[in-house]
Amino acid sequence: MMRMEWITARSYRLRMVLSFVTLLLAVVPVYFIGRALDPTMAASISTEGGDYFGFLVLGVAVVPLVAAAAGTLPAAIASGIGTGTLETQLCTPIGLPALVAGLCGYSLAWGALRAALVVLLGVALGMHIAWSGLALGMVIVLLTVLAYLPVGLVAGALVLRFRTAAELPKLAVYASVFLGGVYYPTSVIPTWIRHLADVVPISFGLRALRRVLLQDASVSSVVGDVGALALSVAVTTVIGMYALRSALRHVRQAGTTGQY
Amino acid sequence: MVSLRGLDKSFPVRTGWRQLLRLTAAHDSLPVLCNVTLDVRAGEFFGLLGPNGAGKSTLFRTLATLILPDGGEVTVDGLDVVREAERVRRLVALVGTDERSLFWRATATENLELYATLHGLRGATARARVAGALETVELADTGNRMVGQFSSGMKQRLLIARALLHRPRILLLDEPTRSLDPISARRFRTFLRAELAQRQRCTILLATHNPEEALDLCDRVAVLHLGRLLASGPADELMARYGEQRYRVGVPWTQLPTLQRALRTMGVVPTELTSPSPDRTGRQLAEVIIPAGEAASTSIIRTLLDGELDVLWFERVGLTLADLLERVVRGGGAPNDA
């Protein structure tokens with residue numbers, strides 16, 4: 001299914017070229033903003049690398065991946081219902097986890113490639129990376145992405161059940177950008193709302209990622225954040241899969257797998 | 001091979017805002033299949049005949065595990081479609097007419113490779129199956145063309161190829177000729193009979209609203225109407241019982257009394273008589289419809305021509321679904337042999 005998505009995506013050549021151009025256009029302003037605000041922000045981000053440009057680059061790289069994790073599945077299900085491909089896939093013996101992986105795989109892989117390019121562009125523009133922490137950094141990014149996949153599972157269930165995701169993925173991503181320390185550290189958020197940031201998975205993910213990649217922190221120093229992320233993944237994935245299975249059962253009962 | 005015992009299915013009726021705001025727990029439901037019982041034997045070409053809304057697609061989608069039955073028991077090769085759905089999916093293939101379910105920006109081969117993978121086929125086996133399926137539907141030469149460039153007939157054949165990939169034992173064909181022109185439809189029927197039924201020895205269930213298609217192609221036919229099985233049996237028996245042949249005879253309006261007299265002499269009672277209608281030259285014409293078998297029709301036309309009638313046309317009236325349903329209902333339904 002990932003291959004089919006790739007085949008379809010590459011057939012729209014102009015769109016593919018433009019997606020790389022926009023990537024470039026997105027990183028350059030980040031460079032100027034990062035450099036301009038670095039003196040102001042350095043103190044408040046001292047525990048997350050101390051370099052505001054690097055801080056921003058990692059935030060900008062991870063957000064589209066998180067958005068893909070939350071938004072791809074409901075979009076794919078809605079499209080599959082509209083075209084009839086979902087029904088044909090449900091007629092095959094493929095299991096639900098494999099179906100979910102197939103429907104989301106391409107977007108996540110494409111998002112990961114774009115995130116890697118953003119980081120490489122950042123490095124080219126002077127961002128310092130602790131390459132020794134790359135493997136751990138990738139694990140943290142994977143866990144962060146997986147932490148948002150359940151949002152997609154629940155949104156996918158909503159699409160199956162009500163034909164709308166009720167803007168759930170967008171809400172999750174906007175809330176995460178606002179509260180999760182993407183463009184600024186969570187320490188600058190007003191105290192009364194900061195407690196909410198403590199339950200947003202991207203807060204843990206970005207904090208750990210920045211420590212590992214920008215500060216060369218050891219595994220032990222991020223074990224708390226990684227553990228919280230892993231726990232969040234475990235609990236919410238079970239809930240998300242339950243929601244999706246229930247919705248599938250409902251549409252099979254109602255006979256609406258092909259109705260849009 | 002396929003067994004349905006007292007299959008019931010209702011769908012909830014969509015509630016309006018007013019009803020929704022009343023927050024009533026009770027929901028109206030629309031019965032779609034009512035106590036349907038039938039058996040399809042291995043290797044059989046079985047027709048499911050009925051008008052739109054008869055429940056044909058719901059029955060097929062139940063067999064394909066896309067819909068859960070409300071009551072009754074549905075098994076495919078002894079496997080329950082609810083409890084053993086995954087195993088049933090390995091045996092069954094549903095072929096609809098929805099061309100959009102193909103990936104139009106990918107080639108035919110790429111489309112089939114995807115579904116081969118979804119059916120657990122890998123590597124050389126998958127490639128061989130894809131090539132074989134394309135060969136079967138005579139699309140081997142166009143395997144590398146984008147599906148978006150295919151004609152409707154080619155897409156329909158590609159849908160069949162997709163269904164054949166995992167070598168299903170049962171093919172569910174849901175109105176496969178609906179979007180085809182008459183010539184393509186005829187070729188497609190020949191293909192179904194010769195290739196799928198005779199060569200591949202698939203058990204085929206064909207849903208159609210075309211009685212001639214069902215009675216012509218299928219070994220046995222079931223007539224479904226408003227979710228109920230009205231009749232089922234061997235196609236030739238149903239044809240003999242309900243498929244009474246009729247002929248349309250056209251003569252100049254002035255010769256109508258002579259025609260009626262001639263028919264009366266032969267003991268033929270016209271079922272319909274149309275009002276006079278003018279031809280291109282303004283001459284008024286009359287048309288009567290008479291019941292007759294193939295042999296009788298030959299002697300009737302000979303007698304009419306010998307009687308110096310100016311017979312303008314004498315043609316067979318196709319069997320319509322409405323006629324068939326009317327006859328089945330009037331006849332109280334055939335004994336259900338399924």
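Sequence lines set the chain letters: A, B, ... in the order given, protein chains first and strands last, and positions in each chain run from 1.
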| remark: Under 4.5 Å to a heavy atom of chain A? For B/Arg162 that would be side chain
| request: Please check if atom CZ in A/Arg249 has more than 12 non-hydrogen atoms from other residues, nucleotides or ligands closer than 6.0 Å. | output: no
| task | Determine, stepwise, if the pair B/Tyr115 / A/Thr92 fulfils side chain to side chain donor-acceptor pair (under 3.5 Å). | result | CA-CA 8 Å; B/Tyr115 283 89; A/Thr92 66; over 6 Å; no
| task | Determine, step by step, whether B/Thr117 and A/Arg3 satisfy the side-chain contact (heavy atoms from CB on, under 4.5 Å) criterion, reporting the C-alpha distance in whole Å, the side-chain angles of both residues, the deciding distance to 0.1 Å, and the verdict. | result | CA-CA 11 Å; B/Thr117 309; A/Arg3 184 169 166 252; over 6 Å; no
| field | Spacing of A/Cys91 atom SG and B/Leu118 atom CG [to the nearest 0.5 Å] | value | 11.0 Å
| message | Under the criterion side-chain contact (heavy atoms from CB on, under 4.5 Å), I'd like the reasoning laid out for A/Glu87 against B/Leu66: C-alpha separation, chi angles, the key distance, then a yes or no. | response | CA-CA 7 Å; A/Glu87 272 205 336; B/Leu66 286 172; 3.9 Å; yes
| task | Go through the atoms of B/Glu113 and report whether side chain, backbone, both or neither lie under 4.5 Å from a heavy atom of chain A. | result | side chain
| Would you call B/Arg100 and A/Thr85 a side-chain contact if the rule is heavy atoms closer than 4.5 Å? | no
| task | Taking atom CZ of B/Arg201 as the centre, report whether more than 12 heavy atoms of other residues, nucleotides or ligands fall under 6.0 Å from it. | result | no
| query | Do you know the tightest heavy-atom contact between B/Leu114 and A/Met4? | reply | CB-CE, 3.9 Å
| request: Just give me the residue among A/Leu90, A/Thr8, A/Thr88, A/Ile94 that pairs up with chain B most often, heavy atom to heavy atom, under 4.5 Å. | output: A/Thr88
| query | So with a 6.0 Å cut-off around CE of A/Met241, is the heavy-atom count from everything else above 12? | reply | yes
| message | Go through it in stages, so that I can follow the logic: the residues are B/Arg105 and A/Ser11, the test is side chain to side chain donor-acceptor pair (under 3.5 Å), and I'd like the CA-CA distance, side-chain angles, deciding distance and then a yes or no. | response | CA-CA 7 Å; B/Arg105 294 188 76 88; A/Ser11 74; 2.6 Å; yes
| Check: A/Gly255 main-chain N/O paired with B/Lys9 side-chain donor or acceptor under 3.5 Å | no
| Measuring from A/Thr83:OG1 to B/Leu102:CG, what's the distance to the nearest 0.5 Å? | 10.0 Å
| said: Please classify the contact of A/Met1 with chain B as side chain, backbone, both or neither, using a heavy-atom distance under 4.5 Å. | reply: both
| Is the count of non-hydrogen atoms from other residues, nucleotides or ligands lying under 6.0 Å from B/Phe11 atom CZ greater than 12? | yes
| message | Taking the side chain as everything from C-beta on, heavy atoms only, tell me whether B/Ile67 gets closer than 4.5 Å to A/Arg252. | response | no
| note | Highest number of heavy-atom pairs under 4.5 Å with chain B among A/Gly102, A/Ala254, A/Ala98 belongs to A/Ala254
| message | If you count heavy atoms of other groups shown closer than 6.0 angstrom to CD of B/Gln200, is the number above 12? | response | yes
